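Working notes, beginning with the structure itself.
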Amino acid sequence: MAERFLVSVDLKNLQASADNGFDLKSISYLNRVHVTVTPETHQDASSFLRKYFDHFVTYCDCTALEKLDDIVSLLNCGTIKVFVAYWQLKAIVEGRLLIGQDLSRLIVSFDHSVCEGDPEARAKNILSRVKDFVPDTPIGIQVHEVHDWKLLDTMHQMSKTEDYPSRYVTLAYNTRDHYVKAVKDGHVAIIPASELTTDPKKYPHLLPAHLLITTGIQSDRPDGLFPTVVTDEHGICLGLVYSSEKSIETALHSGCGVYQSRRHGLWIKGQESGNTQELVSITLDCDADSLQFIVRQRGEGNYVWLPYAFFCGLQVLGFCHLKTSTCFGPYSGVSRLERTLQDRKESAPAGSYTARLFNEPKLLEAKIMEEASELCEATSKKDIAAEAGDLLYFALTKCVAAGVSIEDIEHNLDLKSAKVTRRKGDAKPQWADKVGLQNITNESTATTNGAPKEETVKEAASMPKEKEDPAGFLDGRIQMRSYNTTKTDDKTIQDALQRPSQRSTDQIMGIVHPIIKEIREGGDAAVLKYTHKFEKATSLKSPVIHAPFPKNLMQLPKETIEAIDISYENIRRFHAAQREEKPLQVETMPGVVCSRFSRPIERVGLYVPGGTAVLPSTALMLGVPAMVAGCKKIVIATPPRSDGTITPEIVYVAHKVGAESIVLAGGAQAVAAMAYGTESISKVDKILGPGNQFVTAGKMIVSNDTTAGVSIDMPAGPSEVLVIADKTANPAFVASDLLSQAEHGTDSQVVLIAVDLTEEQLRAVEDELHAQANALPRKDIVRGAIEHSVTLMVKDVEEAMVYSNAYAPEHLILQIENAASVVSLVQNAGSVFVGPWTPESVGDYSAGVNHSLPTYGYAKQYSGVNLSSFTKHITSSNLTKEGLKNVSGAVMQLAKVEELEAHRRAVSIRLEYMDGEKK
């Protein structure tokens, strides 16, 4: 495909409709665009690439970027080539950020000063400088603001006799003649969109866009027409036609398929039949002597191609006058299969095998797994082809059922092929184990084109999304997806409210089981091994520090001490109020007295996460209730920093609550150490506290091991919040509450239920969320959470509470009128925050309520941590002789029914004794 020109667009002024009639849609017909990227517009460029990847072949001028990683991230986002300064080229090559053919995506930029001096000497010098660093891979060169054509003319002549790089030029004088000359001489002219038009009659002072194409193409036909191959957007050839300068001009102006008939003149496809074509783009072939028109077909003669066309009721035509899809017959292969499946989805009889495949996900899942297994077992060429075909059939069935088109798949594949950063491709444990592959460990390796970077699976908080990841963006903004419940079916709403998926249980358990086994058998040495490995705290010689804790470990600013002390006292006061005044005592019938009293759990282990945030608040929320309950031994476990120390805030809290020790470990290894005990770590009776999937899996494993004799508080998942807001809510308050949970981790989820808000009012909340998110230091983490977060638009508070109770959020915030009166409608929630002056943050830190709460919908069954979490209830019965007589009949009859004779006799013997006393 020949490069002849690039249309330069301004990232800060992407007008939907330009003053010169040359908007983004018109630019897309020319296919190739150029954007200038600065540190300030890097995010805009990334957003542009994600949004318009299928519309443009994009070139990014990165000469103003200081960070080489920013250049790599743009390549990963899909930019076809990047313009770099000479120093950037040198650094990229020497740092091996790109190697091999990926280097061909670089264009080295020189300013106009290279035009000075002898043209031939300068041209050879430029080539030599490039070859010094990239001798074997062809890369382009750019010359800025050309005003003297001697150097370019020399380069043009040299390119005829030797392999001279492609030349990209910006011109000092933006005139029609200069642009035409640059294109005609084989240079790639970079032309501002503001200088072009598709309507030269209306804008005669601008360069007609069609001249960029017709100037760069050569015809060897006597009539001067250009052979033109027409394809659909997937490159499938529909037919061969001819184009002229006039037909190209008309096509660009109308956005339709317009060609030149050799007998009838201008041919506007479908003008009479209605079988029209929507123009996608026009490109030149490698020799610039023929054209490719890429179109979308509209009309009869074909199954529906685009999902949106199908759902909008649009027809899609066949290209040929015989009403077939192409002039060479119907579609074949994967394209034909897609059309067949789309038809079968709509026409399959109810209850048929085909209908079941589309309507029973488990059946389809089983078939995909079956065919994948058979493909793996196939060995001959014939069998492999057959099994691969079967697998493709069922895989494409799943795609069609979900509304996923081949276009969507190809988009994903194209993005993958554009990436220059590679990641080690190990199989997941459950699949590796099936084939006896031993390649899964707690560590993974990332590579950038062969240059390895160690990346450990750290058992702490979730990691931020990479810069080039599109997560959290909607229309170029950090924004949640929104659904109007009156216009959306229940299944879609339920799917939208699904918590973000976690790693499979089998995979997590496969990692955690060996860790727990090793801790149980290896004791302190095993704990230290994992702390050295995961936390990089290789200087540690002991896995625990015991009270009294040295003062130098808890040196804090006065204001931090004061904040902890205030929070400590409020939490203590609230939990102390939860103490039972006296034992419960009830006389169930005369002479039968039942009572219940509480006792503290003697030994408790408190897990305080580390990772991307320091969490002394969690130490307070767990340690203070344990102290108030009267637990005799409090053990805190938390991951140390790489230098082996604990954050002083956590040590200070441990001191205040009277902790016996602090275990210097995180993840499943910390859980196992407290569950079983080691030479220096005390065994506990109950483990409490939040954590990631490894911590949760560890807690579940030890609690199910009867030899461990340990219980846990609750199942835990990523943090979440649900905010209900009406017209009285302050948009800034609503956005801040959503973001306060989104910043916890990329696996967090936040939900906004907007009660009867207008579009303008909802937009105000979205504007605040975007602005506040961009100001946060953990913005990338926020984006990851926003990706699977959602806004529901409902008609009233009652409907909002139905959705809230079904979701059962960890945190529920009521920013509505008369919020206190709505609390009575709350059935399922971890903790409720009432009114505009009660941000969730106060519950996290200092109000007094506990922030260790059930997540992932477990608020339907579990309470958050409270005083009773650290106590156990013991019941007692005290019967008099009269009481035993009164209840004996019922007891003995039930024992007889259950055939437990010893139970019955334990009562009857006493009754006989009473009778003997009477005698």
Side-chain angles (χ1 to χ4, degrees), residues 461 547-549 551 553-579 600 604-631 634-639 646-660 662 688-691 713-714 716 719 721 733 736-737 739-741 743-744 778 810-813 829-855 863-870:
F549 307 114
K551 288 186 178 181
L553 296 184
M554 40 185 162
Q555 293 179 351
L556 292 166
K558 181 180 178 182
E559 56 270 22
T560 301
I561 291 176
E562 183 179 350
I564 291 175
D565 288 349
I566 291 173
S567 302
Y568 169 93
E569 180 54 28
N570 288 347
I571 297 167
R572 187 204 63 77
R573 188 174 299 157
F574 180 69
H575 287 80
Q578 298 172 30
R579 286 197 189 104
V604 293
L606 313 180
Y607 186 84
V608 179
T612 63
V614 179
L615 299 173
S617 56
T618 299
L620 282 166
M621 294 295 174
L622 298 172
V624 174
M627 178 196 70
V628 172
C631 299
I634 299 173
V635 178
I636 293 176
T638 191
I646 299 292
T647 56
E649 294 87 352
I650 290 177
V651 180
Y652 180 64
V653 171
H655 164 71
K656 284 187 72 73
V657 302
E660 177 234 38
I662 301 176
L688 305 93
D713 47 358
M714 70 187 94
S719 189
V721 68
F733 292 2
S736 67
D737 285 338
L739 293 171
S740 69
Q741 287 305 299
E743 73 173 351
H744 271 296
R778 296 164 71 89
E810 177 190 18
H811 306 99
L812 170 61
I813 299 179
S831 190
V832 185
F833 301 85
V834 184
W837 309 114
T838 317
E840 187 276 329
S841 311
V842 300
D844 268 353
Y845 297 113
S846 307
V849 296
N850 208 290
H851 81 199
S852 290
L853 303 167
T855 65
S863 303
V865 168
N866 54 72
L867 191 69
S868 65
S869 304
F870 296 89

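Keep in mind that what you see is a predicted model, and the values were worked out from it rather than measured.
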Which residues share a side chain to side chain donor-acceptor pair (under 3.5 Å) with Ser869, sequence neighbours left out: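 With neighbours one apart ignored, the set is empty.
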Residues that Ser863 engages under side chain to side chain donor-acceptor pair (under 3.5 Å), provided they are two or more places apart: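 Not a single residue meets the side chain to side chain donor-acceptor pair (under 3.5 Å) criterion with Ser863.
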Hey, what do you get for [atom1] ([X]) to [atom2] ([Y]), rounding to the nearest 0.5 Å?
X      : Y      : atom1 : atom2 : value
His811 : Ser740 : NE2   : OG    : 8.0 Å
His655 : Phe549 : NE2   : CZ    : 9.5 Å
Thr855 : Met714 : OG1   : CE    : 8.5 Å
Ser567 : Met621 : OG    : CE    : 7.0 Å
Asn850 : His575 : CG    : NE2   : 4.0 Å

Give every donor-acceptor pair under 3.5 Å between a side-chain atom in residues 553-561 and any protein atom, sequence neighbours left out.
none

Looking only at non-hydrogen atoms, find the nearest pair between [X] and [Y] and report the distance.
X      : Y      : value
Gln741 : Glu810 : OE1-OE1, 4.3 Å
Val832 : Ala829 : CG2-CB, 4.2 Å
Ser831 : Leu853 : CB-CD1, 3.6 Å
Cys631 : Pro600 : N-CB, 3.9 Å
Ser846 : Asn570 : O-ND2, 2.8 Å
Pro639 : Val608 : CD-O, 3.5 Å

[X] versus [Y]: any side-chain heavy-atom pair under 4.5 Å?
X      : Y      : value
Thr618 : Tyr607 : no
Val721 : Asp737 : no
Asp713 : Ser852 : no
Thr638 : Ile662 : yes
Lys656 : Leu620 : no
Leu688 : Phe870 : yes
His851 : Leu615 : no

Within 6.0 angstrom of Tyr845 OH, more than 12 heavy atoms from elsewhere: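 No.
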Glu569, CD atom: more than 12 neighbouring heavy atoms under 6.0 Å: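 Buried by this count: over 12 neighbours within 6.0 Å.
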Parallel, tilted or perpendicular, as decided by the 30° and 60° cut-offs, for the rings of Phe733 and Trp837: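 If you compare the ring of Trp837 with that of Phe733, the planes turn out perpendicular.
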CA sep, side-chain torsions, deciding dist, call: Tyr568, Val657, side chain to side chain contact (heavy atoms under 4.5 Å, CB included): CA-CA 9 Å; Tyr568 169 93; Val657 302; 4.3 Å; yes
